[in-house]
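Okay, structure first, notes after.
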Amino acid sequence: MPKEFDLIAQYFTRPAPEKMVGVGDDCAIFSLRSGHDLATSTDLLLEGRHFFSDVDPYLLGRKALAVNLSDLAAAGASARACLLSLALPSVDEAWLAGFSRGFLEMADAHHCPLIGGDTTRSLDHITIGVTVMGEVPRGKALLRSDAQEGDDIWVTGCLGAADLALRYLSGSLELDPQRLQASRAALENPAPPVSFATHLPGMAHAAIDISDGLAQDLGHILKASQCGAELMLANLPMHDALRGLSTDLQNEAMLAGGDVFQLCFTAAATQRDALQALAEQHDIVVHRIGRIVNGSGLRVLDQNGQPLLLAHQGFDHFA
Ligand code: ADP
Ligand code: MG
């Protein structure tokens, strides 16, 4: 790309924070605080697969980093820095201005400076790769494999809204303007509980962020922890955008809908009050939706205690 260096300088270069080497050298360099482990994660966003071509580039910039911060949150890690790789079919200045503004705004808000990356021309579509690095007190990272029998199962935020917007935008569901606006905001501007999550190590046992659907993502915890779970349908925090829709649609959106970027975590019952207080301090909502049981697999119980049959559990990229 002829203007590669100009483009990096114009849109993605900020003075490196103190004691860090950022954009402009072969490697970015920084130190972890002593007594901490490095937590790192990477995600690819492909045009046409993970985002629609006409999505607002500013919101896309925010989301590209937010989905990665969501992975750090699932480990209970706090963000330190990020890397951004872009493959662009052409240099679209308006797109770059919006995207970089959204990305860097999210980076500033979460003290996660952009310290490097790669930029290249692609054949046709946009590909966005983001890597985040965070730190977590040594040996204390939250894993999928630490759920214990008798644990409560919690979720942050509300469920189902992003799925409604996805159905609308892919043409399979009609929505009134109000519902559309609320659900689109959930899909296009996710807000993972980043600062809340940094307090979970020591309080929670296992955690995962909900990207492919609650049932499927909780399923990963169950498999890794070799246990089962019971969820109470009535306790699932339904997003307001779902009110008044058919029960089947509500249940499917809450249980199988992806792109949520909230956390599902397990904790001992002794932590209930402390977790509620922590959520209030961080201005988020948490709901206790079920418990970890002996055995395997997920059972969702309706108001009458009858198990619900799940038609499909979530999004599978290779299905
Ligand atoms: P190299 O050839 O050593 O890989 P590049 O020419 O690709 O270096 O990149 C020059 C500098 O710009 C490097 O410090 C790299 O990390 C940074 N950089 C490239 N693209 C981006 C981007 N999209 N966002 C942030 N930094 C970037
Ligand atoms: Mg390079």
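Whatever order the structure lists ligands and atoms in, that order sets their numbers, starting from 1. Because only heavy atoms are used, hydrogens play no part in the values below, and waters and symmetry mates are left out as well, while side chains stay in.
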Would you say the side-chain atoms of T198 pair up with the backbone N or O of G76, donor to acceptor, closer than 3.5 Å?
-> no
Can you list the ligand 1 atoms lying under 4.0 Å from a non-hydrogen atom of E4?
-> 6 (O), 7 (O)
R288 side-chain N/O to N235 backbone N/O, donor-acceptor pair under 3.5 Å = no
So which of F5, Y11, F103 gets nearest to atom 6 (O) of ligand 1, if we judge by its closest heavy atom?
-> F5
Of all the atoms in ligand 1, which lie at a distance below 4.0 Å from a heavy atom belonging to D26?
-> 3 (O)
Enumerate donor-acceptor pairs with a distance under 3.5 Å from any side-chain N or O in residues 7-24 to protein atoms, sequence neighbours excluded.
residue, atom, partner, partner atom, Å
Y11, OH, E93, OE1, 2.3
T13, OG1, I8, O, 2.8

For ligand 1, find out whether one of its N or O atoms is nearer than 3.5 Å to an N or O atom of L84.
-> yes
Should the proximity of I115 to ligand 1, defined as any heavy atom under 4.0 Å, be assigned to the side chain, the backbone, both, or neither?
-> neither
Please work out whether the ring planes of H282 and F196 are parallel, tilted or perpendicular, with thresholds of 30° and 60°.
-> perpendicular
Looking only at non-hydrogen atoms, the one of D25, T119, L104, I8 nearest atom 14 (O) of ligand 1 is D25
Quick one: do K63 and D259 satisfy salt bridge (Lys or Arg N to Asp or Glu O under 4.0 Å)? Show the steps, please.
-> CA-CA 10 Å; K63 183 167 178 174; D259 269 55; 2.5 Å; yes
Taking both backbone and side-chain atoms of G117, is any N or O found less than 3.5 Å from an N or O belonging to ligand 1?
-> yes
Would you tabulate the side-chain donor-acceptor contacts of residues 154-164 under 3.5 Å, counting partners in other chains and residues two or more places apart, or write 'none'?
residue, atom, partner, partner atom, Å
T156, OG1, Q262, OE1, 2.6
T156, OG1, L263, N, 2.9
D163, OD2, R167, NE, 2.8
D163, OD2, R167, NH2, 3.2

Option set S100, G116, G24, C27, criterion heavy-atom distance to atom 26 (N) of ligand 1, minimum | G116
Taking only heavy atoms of D118 into account, list the atoms of ligand 1 that are under 4.0 Å away from them.
-> 7 (O), 19 (C), 20 (N), 21 (C), 23 (N)
Show your working on side-chain contact (heavy atoms from CB on, under 4.5 Å) between V194 and L72 and close with a plain yes or no.
-> CA-CA 8 Å; V194 172; L72 287 182; over 6 Å; no
